[in-house]
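First up is the structure itself, then whatever we jot down about it.
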Amino acid sequence: MAGRALDEVFVAGASGIRLAGDWTLRGLDGLLPALRRALAAVPADANWSLRSIRRMDSFGAMLLWQAWGGRWPVALDADEAQRAIIGRIGKVTAAALPMPPRISAADAVALLGARLLGFVDHLGGFVALLGRLVLDLAHLLRHPRDWPLLEISANLFKVGAKAMPVSALVGFLIGVVLSYLSALQLRTFGADAFIVNILGMGIIRELGPVLVSVLVAGRSGSAMTAQLGVMRVTEEIDALAAMGVSRSLRLVLPKVVALTLAMPLLVLWTSAIALFGGWVSAWVELDISLHFFLQALPDAVPVANLYIGLAKGAVFGFLIALIACHFGLRVQPDTESLSTHTTASVVAAITVVILVDAVFAIATRSIGLPL
Amino acid sequence: MTGPVVKDPAQFDTSTGGAVVRLEGICTRFGRNVVHEGLDLSIRAGEIVALVGGSGSGKTTLLRHVIGLTRPAAGRVEVFGETLDAGGAAERLARQRRMGVLFQHGALFSAFSVAQNIAFPLRELGVMSRREIDRLVALKLEMVEMEPAHALLMPAELSGGMVKRVALARALALEPELLLLDEPTAGLDPDRSASFIRLIRALHRELGLTVVLVTHDLDTLAQMATSVAVLAERRIVSHASLDETLAADHPFVARFFRGLQARHGQSHGAGAG
């Protein structure tokens, strides 16, 4: 647009203002700042001639209407088509767009109430989904042929086998770090052998299940919510319902069953790797042999802790899958809702896992502790 | 370079030989499936061209070639007299802004309200104040016969017909010279679709637009198009006015337009054609 000059479209002469050229969004491109200044400097009672304008669109018309201060100038030379375009701009100005409502104190209270009711609604929906699942299980016990085995095995592979590398990596590193930090402290007391107790109790009973749960909630839980959410958006879930196929039986149950089965196995796998990582660090720092480590482990950690860890894994897996499905099925068919529900699903799953872990800690406080 | 622009849409943009869109020797393949082979099509300024063809014949793909979303395996796509990748990034962007697209399902941004959807391209342009943008948004809403009160609705709250109209308003936001419509009346009831057709015809008359529309709907086609391009056997087998197309001797044309030919004959007989 180099070399364009203002006088191609705007000439202020002795007889008044003469406009020419293209008064369009593209035609005025590059001239706008100068043109706006020129238009602002025109006196209110000037003569306007629009006859030489070749083409005008609503943007050009709007510029003129603004320059005229929102009313027709006294002396205007324009043809019918131009008057029509400008006239339409004048008409819509009167009926402006509605402003988004402002938020008042009363709205804030109402919002708080709505949040609270929303939470109750979520709770109700969650219980209903749980009930639906129990009914489905009862149905499956009576009709064993209806078990969605293909879906369950596909989900098992997806949430179980495919999660093994990442959980192994994280488990190993946590084991190394935990062992290294403990070893530094234990050495000052000369209590090197207790590294086995710390690692064994910490990882098998507590860290393993919670660590895997956080990983799985982020990895598989979000994927489940997003998948169900997109199926809502594309009406696939409605299509299933129209075919008379129960969405809870085909979509929710396989995910919940698969994650409930896969989680204890993942916990076992991750705990084992974390213990291995812990031993590597203990070996480097405290010169503890693998033979000693393995021999001392059963004495330091009663086997009940392993069962508690596996049970936690199963319960956490069940909860993560159920929460993911709950949020996935509530997604509204738009992108915004999909993103909020996926986030909410992961946050809710991790929060619930930690809450339930506290409940577990209280409920099992007299089990498996070597006192 | 901007073409010389005159008031009469029929003479508009003569520097490009009158062709706003020119496709030459287009070949498109999806895997082993050949969709277009040696396809030629030229669309003059001020025309309303209806692109018709069987399902899967590649009408939407052709539209996407013109927009530049997909590239043909071979051939040349010219828009406003220049190939799609001619010039630097700024020129390509400027050329892109000369066309407005109405996607089949509207493709409104679901995180934005109606007003924000229409304002989005204007805001991206970065030359207007907020007040000016609001005023133009109100104008576009009025053009597509929407109430100002609808401006705050979210796309999820709109009916199918309203989505189409808002999407049209957004496509018109940058005052395009070329409007591409993919199935503009699909999913609208006859009443809505008739008012949509009236709307596009009025806009065509007022703004001197060139319109390319893909449609399956014979009523839409008969009421809107100034010419019909028939896509069959992987190329354009006919590009002529509706009357000439109906008279053409081609098996696809005969099958596709059977209903219309019968009605057309009647209306001619009654002297109302």
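Treat the numbers as computed from the prediction; the structure is a model and nothing was measured. Lettering of chains follows the sequences in order, A, B, ..., and the numbering in each one begins at 1.
Using a distance-only test at 3.5 Å, with no hydrogens or angles considered, no donor-acceptor pair links the side chain of B:Arg97 to the main chain of A:Arg26.
For B:Arg92, the CZ atom counts as densely surrounded, since its 6.0 Å shell holds more than 12 non-hydrogen atoms of other residues, nucleotides or ligands. Within a 6.0 Å radius of CD1 in A:Ile103, other residues, nucleotides and ligands contribute 12 heavy atoms or fewer. Atom CZ of A:Arg83 is surrounded by more than 12 heavy atoms from other residues, nucleotides or ligands within 6.0 Å. Atom CZ of A:Arg219 sits in a crowded spot, with more than 12 heavy atoms from other residues, nucleotides or ligands closer than 6.0 Å.
Contacts between A:Ile85 and chain B at a heavy-atom distance below 4.5 Å are absent for every atom of the residue. Proximity to chain A involves both the backbone and the side chain of B:Glu175, based on heavy atoms less than 4.5 angstrom apart. Of the atoms belonging to B:Leu141, it is side-chain heavy atoms, and not backbone ones, that fall under 4.5 Å from chain A. Looking at B:Ala111, both its backbone and its side chain come within 4.5 Å of chain A, counting heavy atoms on both sides.
Nearest heavy-atom pair, B:Leu139 versus A:Ser58, reported as atom, atom and distance to 0.1 Å: CD2-CB, 3.1 Å. Scanning both residues, B:Val127 and A:Arg36, for their nearest heavy atoms gives O-NH2, 2.8 Å.
Distance check, rounded to the nearest 0.5 Å: CG of A:Asp57 to CG of B:Leu172 gives 11.5 Å. Atom CZ of A:Phe59 and atom CE of B:Met128 lie 4.5 Å apart (nearest 0.5 Å). Between the CD atom of A:Gln66 and the CZ atom of B:Arg131 there is a distance of 6.0 Å, given to the nearest 0.5 Å. Remark: B:Phe109 CZ to A:Glu336 CD distance equals 13.5 Å, nearest 0.5 Å.
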Evaluate the salt bridge (Lys or Arg N to Asp or Glu O under 4.0 Å) criterion for residues B:Glu177 and A:Arg55: first the C-alpha distance (whole Å), next the side-chain angles of each, then the deciding distance (0.1 Å), finally the verdict.
-> CA-CA 12 Å; B:Glu177 294 154 55; A:Arg55 198 158 178 263; 5.1 Å; no
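A:Leu25 places a side-chain heavy atom less than 4.5 Å from the side chain of B:Leu125.
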